[in-house]
Amino acid sequence: MFEIIRTEGHARRGRFRCAHGGEVQTPVFMNVGTQGAIKGALSAHDLKDIKCQIELSNTYHLHLRPGDQVVRSLGGLHKMMDWDGPILTDSGGFQVFSLSGLRKITEEGVTFASHIDGRRIFMGPEESMQIQANLGSDIAMAFDECVENPAPYEYVKQSCERTLRWLVRCREEHRCLCARPDCLNPAQMLFGINQGGTYEDLRVWHMDQIARVDCDGYAVGGLAVGEATEVMYRILDVVLPHAPEDKPRYLMGVGTPSNIIEGVWRGIDFFDCVMPARNARHGKLFTWQGSLNIKNEKYKLDTGPIDPACSCPVCRSFSRAYLRHLFKAEEMLAMRLAVMHNLWFYNTLMERIRDALDAGEFAAFRAEYSEKLDRKV
RNA sequence: GGGAGCGUUCCCGAGUGGCCAAAGGGGGCAGACUGUAAAUCUGUUGUCGACGACUUCGGUGGUUCGAAUCCACCCGCUCCCA
C-alpha cells in the first residue's frame with residue numbers, strides 16, 4: 001500500500017505500509033544493516049531509539065553468511081534480528097558493481113568469487129528471488145546490473161536491456177515463490193530498478209519498459225557511482241516523469257544530505273546510503289551547520305555536544321571532547337555513539353523534510369539547507 | 001675490579017664513508033568515503049624568506065674533498081664475569 005498525501009512541485013509526501021511494522025512515513029531514509037546488523041555495534045533495538053522506520057539488508061551477504069537457508073531456519077530475517085519493522089533486501093545487483101573484479105556476467109546471471117573464501121557463487125534473477133524469499137523481507141529488489149559511470153553507450157544499452165529481461169524473470173519467479181504455501185512472507189513486494197547509466201535516452205526507454213512490468217515500486221539505480229552530482233540530478237529530472245506516479249520511488253544508495261533533499265525535490269520517496277554509518281565510523285559527523293571531523297584537534301577541550309541543535313541520545317549526554325577521546329583511544333563506543341548520532345541525524349532530516357512538505361514549505365527548507373548541510377564546519 | 005655491547009629525527013627501530021633530512025612501524029596532524037570486501041584508504045610529520053638554503057643521528061675534538069657511519073677522549077645506559 002502506498003498513498004501520496006500531498007505534493008509540492010514534484011516532491012511527494014506519502015504513507016507506505018507492508019507486512020511488518022506500522023505505517024512508514026515518506027520520504028524515508030532506510031538504515032543500512034547489510035549483514036543483519038548496523039555496522040558500529042547497533043542492534044535492531046537500537047534502531048528504534050534512533051527513529052529508524054525501515055531497515056535494509058543484503059541478499060548477497062546473507063546468502064554467503066550465514067546462508068539464506070540458515071536465516072530461514074531461524075524464522076526469517078525479522079526474527080533473527082528481532083526487528084518487527086519493515087525490511088528491504090537489496091538483490092545483490094550492487095555487488096555486480098562493487099565486486100567487479102570478482103565476477104563474470106552472462107545472460108543467465110552473475111558468477112561471483114566469494115569475497116570471503118573465493119568459492120564460486122552463481123546468482124541470477126531466480127536465485128536472488130529465492131534467497132530474498134528465504135530471508136522473508138518485506139521488499140525484494142529486482143536483480144540488476146549496476147554499471148559504473150561513465151561506461152560506453154553500447155555496453156550500457158546491452159546491460160540495461162538485459163536488466164529488463166532479468167526483471168521479467170524476477171517478476172515471474174517472485175510470484176511463483178509468494179504463491180507457495182511455505183512462503184515466509186507472502187505479502188513480500190517487488191521493486192524494479194531503472195538503469196541506463198548517464199544516457200538520458202536509455203534511462204527513459206528503460207523506465208518506460210520496466211513500468212510495464214507490474215512492480216510494487218520503482219527504484220533508480222546506477223547513480224552516484226562515478227558521475228558528477230549535476231549529472232545525477234539531470235538523470236532524475238528526465239527519468240522520474242516516466243516512473244509510475246502511484247508507486248513508491250527509491251533512489252538507491254544516495255546520498256549526502258543535499259543529495260537527499262534534491263532527490264525529494266525531484267520526486268523520490270525512498271533513500272538508503274551507507275554514508276551516515278560509514279562516515280560516523282570514520283569520525284565524520286553530520287550537524288545542522290554541516291559536517292565535522294570529531295577527531296580534529298580543535299575538539300580536544302570542546303565540552304559542547306556534537307550538534308547543539310540535535311537532541312539525539314548522544315548529543316543529550318556526551319561532549320565532543322569525550323567523543324574525540326573515544327575515537328583517539330579506538331574505543332568501540334566511539335563508533336557506536338557516532339553511528340547513532342549520524343543515523344538519528346538522517347532520520348531527523350527526513351522527518352523535517354516531511355514536516356516541511358506537510359506545511360507546504362519544502363521549497364524554503366530546500367533553499368535553507370540543501371547546500372549548507374554538505375558543507376564542512 | 002675484568003669483559004662485551006649500546007646511545008639515530010616525538011617513540012620504537014633501519015642505516016656502518018658520498019645515492020641521508022635519514023627505510024619501516026607507532027604516535028601526531030589532516031583528507032577521502034554515496035543499493036558496505038571499508039573500525040578502511042590516502043596525504044603529511046626537522047627549520048626557514050621553502051623547485052633552494054640551513055641545522056640534526058649522546059658530547060667534544062680529530063681523520064677525510066666529504067662523517068649518523070672511521071679514530072680519540074668524555075658522558076649515559078645494558079649485559080656477563082668476579
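As the structure is a prediction and not an experimental result, all values here were calculated from the model. Proteins get letters first, then strands, A, B, ... in listed order; numbering begins at 1 in each.
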Task: Centroid separation A/H206 to A/H242 less than 6.0 Å - done: no
Open item on the list: With rounding to the closest Å, how many angstrom separate the P atoms on B/G13 and B/G26?
Closed with: 15 Å
Open item on the list: Checking contacts here: which listed nucleotide (B/G31, B/U34, B/G35) is nearest the side-chain heavy atoms of A/K376?
Closed with: B/G31
Task: Earlier contact from the 5' end, RNA chain B, for A/S91 and A/R278 - done: A/S91
Open item on the list: When you measure from the side-chain N and O atoms of A/N296 to the phosphate of B/G31, is any distance below 4.0 Å, counting only OP1 and OP2?
Closed with: yes
TODO: Report the base-pairing partner of B/C10 (Watson-Crick or G-U wobble, both distances below 3.5 angstrom), or none.
DONE: B/G26
Open item on the list: In whole Å, measure the gap between the P atoms of B/A68 and B/U56 for me.
Closed with: 9 Å
Open item on the list: Under 3.5 Å, is there any donor-acceptor pair linking the side chain of A/D144 to the base of B/G35?
Closed with: yes
TODO: May I have all residue pairs that pass side chain to side chain donor-acceptor pair (under 3.5 Å) and include part of residues 312-322 of chain A, sequence neighbours excluded?
DONE: A/D302-A/R320
Open item on the list: As a test of reading the structure: which of B/A37, B/C33, B/U34 is closest to the side chain of A/K284, going by heavy atoms?
Closed with: B/C33
TODO: Determine the interatomic distance between P on B/C12 and the same-named atom on B/A67; round to the nearest Å.
DONE: 27 Å
Task: Qualifying residues under ring-ring contact (aromatic ring centres under 6.0 Å, His included), relative to A/F143, sequence neighbours excluded - done: A/W166
Task: Under-4.0 Å side-chain N/O to phosphate OP1/OP2 contact, A/Q95 with B/G35 - done: no
Open item on the list: Looking at B/C77, which nucleotide sits across from it as a Watson-Crick or G-U wobble partner, both distances under 3.5 angstrom, or is there none?
Closed with: B/G5
Task: Separation between the C1' atoms of B/G59 and B/G76, rounded to whole Å - done: 10 Å
TODO: Please work out if A/A219 contacts a base, only the sugar-phosphate, or nothing of the nucleic acid, heavy-atom cut-off 4.0 Å.
DONE: nothing
Open item on the list: Please name the nucleotide paired to B/U40 by Watson-Crick or G-U wobble geometry with both distances under 3.5 Å, or report none.
Closed with: B/A32
Task: Non-hydrogen side-chain atoms of A/T34 and A/V32 separated by less than 4.5 Å - done: yes
- [ ] Just compare B/U34, B/G31, B/U36 and give me whichever is closest to any side-chain atom of A/M275.
- [x] B/U34
Open item on the list: Can you tell me if A/K298 touches the phosphate of B/A30, counting only side-chain N or O atoms and a distance under 4.0 Å to OP1 or OP2?
Closed with: no
Could you go through nucleotides 39-46 of chain B and list every protein N or O atom that sits under 3.5 Å from one of its N or O atoms, giving the distance for each pair?
residue	atom	partner	partner atom	Å
B/A39	OP2	A/R281	NH1	2.5

Open item on the list: With rounding to the closest Å, how many angstrom separate the C1' atoms on B/A21 and B/C71?
Closed with: 26 Å
Open item on the list: Using 30° and 60° as the class boundaries, would you call the ring planes of A/Y153 and A/Y199 parallel, tilted or perpendicular?
Closed with: perpendicular
Open item on the list: Nearest to the side chain of A/D90, heavy atoms from C-beta on, is which of B/U34, B/A37, B/U36?
Closed with: B/U36
Open item on the list: Taking only side-chain N and O atoms of A/S98, does any of them lie within less than 4.0 angstrom of OP1 or OP2 on B/A37?
Closed with: yes
Open item on the list: Suppose we define a pair by two distances each less than 3.5 Å, Watson-Crick or G-U wobble; what does B/U55 pair with here?
Closed with: none
TODO: For the side chain of A/E297, starting at C-beta, report the closest nucleotide among B/C29, B/U36, B/C33.
DONE: B/C29
